[in-house]
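First listed ligand is number 1; within each ligand, the first listed atom is number 1. As the structure is a computational prediction, the values presented were derived from the model and not from experiment.
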Amino acid sequence: MTTMNRKPLVAGNWKMNGNKALVAEFINALNADDANGVDVVVCPPAIYLSALSAGRFAIGAQDVSALDQGAHTGDISVDMLSEVGCKYVIVGHSERREDHGETSDSVAEKAEKVVSAGLTPIVCVGEPLEVREAGDQAVQGFIREQLSALTSKLSASELNQSVIAYEPIWAIGTGKTASPEQAQDVHAFIRGELSETDAEVASGMRILYGGSVKPANAQELFSQPDVDGGLIGGASLKTDDFIAICQSAKI
Ligand code: PEP
């Protein structure tokens, strides 16, 4: 598991799932659970953020606008997220890159906006299947490009307030998980890339793994030295599974 200066973090991404009943169930179940030693974040659809803020755990958004306010129908600003109690914002999830044409540059802009409001961006990176099949060099090249947009936009102190999530696209929602060794290799690579900006920031940076994490595989993934917790999709919709995964992240 993670070094002393990196507290594990487990974030649940409900995606476009959930309802008021699930919000109530999560508040009851998570409030009764002792997450001591792990930062737990639940990221529901934005419409449920206010209701979920009644829980004794952090809440996060699944996206944010890079703009401040005005004529941008359907968008939500970081100040609005902050006002309802959000502490984290997922940016650059592969589904947003795919569905909404988000690029590494627009993702970096959003991350900077989140940091400037004092919230923590969870910046997602990860390769598609064809890149994984092309081998380790191809994976590293792909992730290097995604990270370089971020490191050229954010200062070392802004990076210091950020979290990275490595989410191989071929593992998201597919039931295929990166092996602990594959995850560790990419996490170590990410930390190495970040250390070119600032070695101290890189060593303190939390790097989460996401992609079909379940109670059965969480412990082994989280026990890798550079894996500091997880970004959980499907399994974050079941209180028992999510709590079990959070427990697996305890140091
Ligand atoms: C995700 O939504 O970021 C994710 C990793 O999903 P799943 O855990 O279902 O693969």
Going by the closest heavy atom to atom 9 (O) of ligand 1, which one wins out of G175, A235, G126, G234?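 Looking at heavy atoms only, the winner is G234.
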Residue pair Q184 / Y209, side-chain donor-acceptor N/O under 3.5 Å: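 Y209 and Q184 do not have a side-chain donor-acceptor pair below 3.5 Å.
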Does one side chain, of R206 or S162, offer a donor that lies under 3.5 Å from an acceptor on the other?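 S162 and R206 do not have a side-chain donor-acceptor pair below 3.5 Å.
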Below 4.0 angstrom, N of the basic side chain to O of the carboxylate: do [X] and [Y] qualify?
{"X": "K110", "Y": "D63", "answer": "yes"}
{"X": "R191", "Y": "D228", "answer": "yes"}
{"X": "K153", "Y": "E109", "answer": "no"}
{"X": "D68", "Y": "K113", "answer": "yes"}

Atom 5 (C) of ligand 1: which protein heavy atom is closest, and how many Å away?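 For atom 5 (C) of ligand 1, the nearest protein heavy atom comes out as E167 OE2, 3.0 Å.
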Considering heavy atoms of the protein only, find what lies nearest to atom 2 (O) of ligand 1 and give residue, atom and distance to 0.1 Å.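 Sorting protein heavy atoms by distance from atom 2 (O) of ligand 1 puts K15 CE, 2.6 Å first.
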Looking only at N/O atoms, are [X] and ligand 1 under 3.5 Å apart anywhere?
{"X": "H93", "answer": "yes"}
{"X": "G233", "answer": "yes"}
{"X": "I232", "answer": "no"}

Is there a path from V40 to F222 through hydrophobic residues (I, L, V, M, F, W, Y) whose side chains come within less than 4.5 Å of each other?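 Looking at the clustering, F222 is in the same group as V40.
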Counting heavy atoms only, which part of E95 comes closer than 4.0 Å to ligand 1: side chain, backbone, both or neither?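 The answer is neither.
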Just heavy atoms, cut-off under 4.0 Å: does A171 contact ligand 1 by side chain, backbone, both, or neither?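 It is the backbone that gets close, since no side chain atom is under 4.0 Å.
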Close-contact set for ligand 1 against [X] heavy atoms, below 4.0 Å:
{"X": "G173", "result": "7 (P), 9 (O), 10 (O)"}
{"X": "S212", "result": "7 (P), 8 (O), 10 (O)"}
{"X": "G210", "result": "5 (C)"}
{"X": "G211", "result": "5 (C), 10 (O)"}
{"X": "L231", "result": "3 (O), 5 (C)"}

Can you check whether F26 and W14 have ring centres sitting under 6.0 Å from each other?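 Close enough - the centres of the two rings lie under 6.0 Å apart.
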Does the side chain of H93 reach to within under 4.5 Å of the side chain of I172, using non-hydrogen atoms?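 A side-chain contact under 4.5 Å exists here.
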